[in-house]
Amino acid sequence: MSLQDKKRFEPAEVEPRITERWLASGLFHPEPEGSPQENYSIAIPPPNVTGALHMGHALNGSVQDTLIRYHRMLGRRTKWILGTDHAGIATQKQVERAIEAEGATREQLGRAAFVERVWEWRTRYGGTIIEQFKRLGASCDYEQERFTLDDGYARAVLRVFCDLHAKGLIYRDNYLVNWDPGSRSAISDLEVEDREVTDTLYHIAYPLKGGGEVVVATVRPETMLADTAIAVNPGDERYQHLVGSTAILPLVGRELPIIADDYVKTDFGTGCLKITPGHDPNDFEIGRRHGLEEVTVIGEDGRMTEEAGAFAGLTVLEARGRVVEALGDALRASEPYVHEVPYSHRSGERIEPLISLQWFMDMEPLAEPAIDAVRDGRVRIHPESQSRRYLDWLQNIRPWCISRQLWWGHQLPVWYRAGETYVGTTAPEGDGWERDPDVLDTWFSSALWPFATLGWPDDTPDLRAFYPTDVLSTARDILFLWVARMVMMGLEFAGDVPFTDVYVHSVIQAPDGRRMSKSLGTGIDPLDEIDRHGADAVRFGLLAMSSTQDVKYSSEKVQQGQQLANKLFNASRFVLGNVTADVEPAPRPRTVEDRWILSRLQRIVGDTRSRIEAYEFAKVALGLYDFVYGELCDWYLELIKGRDFDEDLSATLLHVLGQTLALAHPVIPFVTEELWDHVPATDGLLAGGAYPEAKDGLVDADAEQRVGAVIAAVSALRSWRSESGVKPGERLQARLAAEGYEETAPLVAKLARLDLAGGDGAPASAVVPVPGGAVELLGDVVDPRDAERKRDAERERLRGEIARAEGKLANEGFVARAPAELVEAERTKLERLRAELELL
RNA sequence: GGGCGGUUAGCUCAGCUGGUCAGAGCGCCUGCCUUACAAGCAGGAGGUCCCCGGUUCGAGCCCGGGACCGCCCACCA
């Protein structure tokens, strides 16, 4: 209650106190009642359990919390489903590093002990990011935190796996996969990124069995040891006669059939392609088409296998050099070659395509309903342009490799014995069964997030109350990895779409436009920013800079948010320090400026509501800023200074202040909650209060027009004063020679520091045009010559504008074809300009 | 190789269905300790709205072409 002692808002002091009150209130934890249609829910994109809050989380958290708080204030039972993801590779890597630092390896530790260590790790660090979300002010349901690896969740995952397997959509196959030597695991296509590298393109001659030779080009000569064919284009006249004959693989001696396949480009290289089904995705496809043998010479450890004969045991790079060396005369040429090569998104190492026995999921049957859901609008993606990317991806979907050679994750519910395979949620009866050591791709379990968190497969109250959820907010790169898969799984298992709206937010880049990343040193820690500027400022800033495309981080926007919080704080001090105690907040306008601010308030209320619902968060934030600064503080509070703070004015002030705080609360919850506590007659927490509603009856065009004229007049007078070198504080004698100021003349006089009393026939030393006429300054306020020069300049400007307007109106095309009101407006403007010129 | 987005004040960005649309914040300059806020207030300077054509009475805003930047997708050895 020491509001008046402080001159500025201190987030560090206020935030912990407010957070505590929120958490204690139970507001964030709704009882599972009512229907999903009445209720409002968002499932948080689960952050990695051992992760730390980065800018992406902070932005997404701000977006979601704005939506959540808004709907909670609308009176809906609101749940923000919270939890973390076990994040297979990322978490395992962290713990592996820790173990390596102790001089051990996970293999030495053994699987059980290792997994134990990861759980310990999770216990120790898993709470960090949750606490960081609290710092941001995120009003998640902290009483019900889920984890993708907790028992109930794991049950859902295994259930889905078994179910899809029973339906024939999950199967095991030998297939060429993206092998990540860094994590020693297969990874999915989506976890691969292309990087441009400079390799060497080698031209190698393969002798033909009956004499002669063909020359092929390759950047990976070491893989030739696994060649099983040579291919040419069927239409290539140079080689048609060779199709069906046989080449001899140098160094190995294997006989290679020469085959014809459309894939081969006649205009690239020599037009002859060596086919290595075991180590190249294209060759693999060709090999399957032609029934070729699949030879593997590179192992999962990235070294050459026994199959590579003399090269066995060498790394790929060592083998490449030795093979080139051994080729001798057969090597015909080599040249530098720049091309894109796949790298692991996870480990950063170059992908080694390998044939391996993995579990796959057939996506096409599930993709169909997911496509329909977006096509028919059951799921709406914002901005709309993103839905095309979603559809394109689903329409070209490919099987998903879901097994990972990791220890941390959901181990496959699959057991083998001799030639048998058993799939089930519990271990099979009998001896000798061995469980598949692999775990599921993390995204497999994430795909169940919106319903598994609510208790599925059981028919729980939570599920009945909150599924489907309302909005899923995420960054663009997650659209395929996660969003599309959630839609598929939701439709297949929970019987409905998992959410009705998807909001795709910006990716925040470093201020210099590069990626924000820890390794580049371009990261900005949102917690540091919260320490510096306050959580409200960070939230405001992130929302204000967000857009439909990527944005550079702008600390100016965060500062703008800090200023807004501070401004509200001080405006509140002013209001609360002056109002009559014991008066109920209520709109009780007495004067034109009262009617004006109430009218403006209705507009910002309406605008803010529609902007939130349209996911236009930058406009929400900046619109609030403009209202608080541009209308409430700069004008209304200045206009009422000096008035008697009677009950009517006090009630109106408190009403406007309270409404403003409530309106801004979803964006800047801390400062508004803190101030709300000081507004009399406000019970309970603002977070649990009602969101303002626009009342048409308070919209007042007349007041807006009149006060609009005051604002224009005062601005013109201040500008004149400043340019004329007249001291801002000096009271000037003046005469108001303008229409429309019956009620507002004293307001103009107050803010422009004029004395409008009398003046009679005194000569004007300066004339300032204002809406509806002019203000004449009396007495020797300015050097007459300066004033005359100024008038000349003004005349010049006016003549220019008049000429422009006249020209426009003289244009027959304009008068004939432009809308009538526009032409009329131009005429009015011309008249006004002429009148102003006349006055000078 | 396809597809998408961008290019507006020194910086970061707004500008809806073509007609006060040339704006905001920051920065800069000038003046003010005006009793809510000096992390404040008031005023101001600053832009051939990437280039070239076109449509239109009228174009940052629409159409065509070009330049540059960024992103996504794709199996050219």
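So you know, we letter chains A, B, ... as the sequences are listed, proteins then strands, and number each from 1.
To the nearest angstrom, C1' of C26(B) lies 13 Å from CE of M545(A). In this entry the distance linking CZ of R753(A) with P of G31(B) reads 18 Å, nearest Å. Between the CD atom of Q560(A) and the C1' atom of U12(B) there is a distance of 11 Å, given to the nearest Å. With rounding to whole Å, E556(A) atom CD is found 12 Å from C28(B) atom P.
In this structure, E638(A) does not pair ionically with K750(A), as no charged nitrogen and carboxylate oxygen lie closer than 4.0 Å. Of the charged side-chain nitrogens involved, at least one lies within less than 4.0 Å of a carboxylate oxygen, so that E593(A) and R643(A) count as a salt-bridged pair. Salt bridge status for R611(A) with E613(A): absent, with no side-chain N to carboxylate O gap under 4.0 Å. With salt bridges taken as basic N to acidic carboxylate O contacts below 4.0 Å, none links R718(A) and E723(A). Looking at R350(A) and D199(A), a side-chain N of the basic residue comes within less than 4.0 Å of a carboxylate O on the acidic one, giving a salt bridge. With respect to the salt-bridge test (charged N to carboxylate O, under 4.0 angstrom), the residues R731(A) and D755(A) do not qualify.
For F617(A), the ring-ring contact (aromatic ring centres under 6.0 Å, His included) partners two or more places apart in sequence, or in a different chain, are Y503(A). The ring-ring contact (aromatic ring centres under 6.0 Å, His included) check on H203(A) picks up nothing, with sequence neighbours excluded. Residues passing the ring-ring contact (aromatic ring centres under 6.0 Å, His included) test with Y202(A), sequence neighbours excluded: none. Not counting sequence neighbours, the partners of K265(A) by the side-chain contact (heavy atoms from CB on, under 4.5 Å) test are D267(A), F268(A). The side-chain contact (heavy atoms from CB on, under 4.5 Å) check on R288(A) picks up D173(A), N174(A), Y175(A), F284(A), E294(A), with sequence neighbours excluded. In terms of the ring-ring contact (aromatic ring centres under 6.0 Å, His included) criterion, residue partners of H339(A) (sequence neighbours excluded) are, by chain and number, Y337(A).
Taking atom C1' in both G58(B) and C51(B), the straight-line distance is 22 Å, to the nearest Å. The gap from the P atom of G3(B) to that of A45(B) amounts to 47 Å, rounded to the nearest Å. For G64(B) and C11(B), the C1' atoms lie 33 Å apart once the distance is rounded to whole Å. Taking atom P in both U20(B) and A59(B), one finds a spacing of 12 Å when rounded to whole Å. Comparing the C1' positions of A77(B) and A67(B) gives an interatomic distance of 34 Å, to the nearest angstrom. One P atom belongs to C21(B), the other to G60(B), and the distance between them is 13 Å to the nearest Å. Only the C1' atoms considered, G5(B) is 29 Å distant from G46(B), to the nearest whole Å. G40(B) and U34(B): their C1' atoms are spaced 11 Å apart (whole Å).
A glycosidic torsion no more than 90° from 0 defines the syn conformation; G44(B) lies beyond that range and is anti.
Geometric assessment of R388(A) against the ring of W393(A) yields a negative cation-pi assignment under the 6.0 Å and 45° thresholds.
Where L622(A) and D392(A) each meet RNA chain B at their nearest nucleotide, the meeting point lying more 5' is that of D392(A).
Identified under the side-chain hydrogen bond (donor to acceptor under 3.5 Å, both in side chains) test for residues 616-630 of chain A, with sequence neighbours left out: none.
Heavy atoms only, all atoms of each residue included: V551(A) and S506(A) are closest at CG2-CB, 4.0 Å.
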Between protein and nucleic acid, restricted to nucleotides 15-21 of chain B and to nitrogen or oxygen atoms under 3.5 Å apart, what atom pairs and distances do you find?
{"unit_1": "U20(B)", "atom_1": "O4", "unit_2": "R832(A)", "atom_2": "NH1", "d": "3.4"}

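Distances shown here put a side-chain N or O of S547(A) below 4.0 Å from the OP1 or OP2 atom of A14(B).
Annotation: the span from E529(A) atom CD to I524(A) atom CD1 amounts to 6.0 Å, rounded to 0.5 Å.
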Reading 5' to 3' through nucleotides 35-42 of chain B, protein heavy-atom contacts under 4.0 Å coded B for base, S for sugar-phosphate only, - for none: -BBSBSSS
Which letter, B, S or -, goes with each nucleotide of nucleotides 67-77 of chain B from 5' to 3', with contact meaning a protein heavy atom under 4.0 Å? ----SS-BBBB
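At a non-hydrogen distance threshold of 4.0 Å, nothing from residues 226-236 of chain A comes into contact with RNA chain B.
A distance-only check finds a donor-acceptor pair linking the side chain of N570(A) to the backbone of N566(A) [under 3.5 Å].
In RNA chain B, stems built from 3 or more consecutive Watson-Crick or G-U wobble pairs, each with both distances under 3.5 Å, span B:1-7 with B:67-73, B:10-13 with B:23-26, B:28-32 with B:40-44, B:50-54 with B:62-66.
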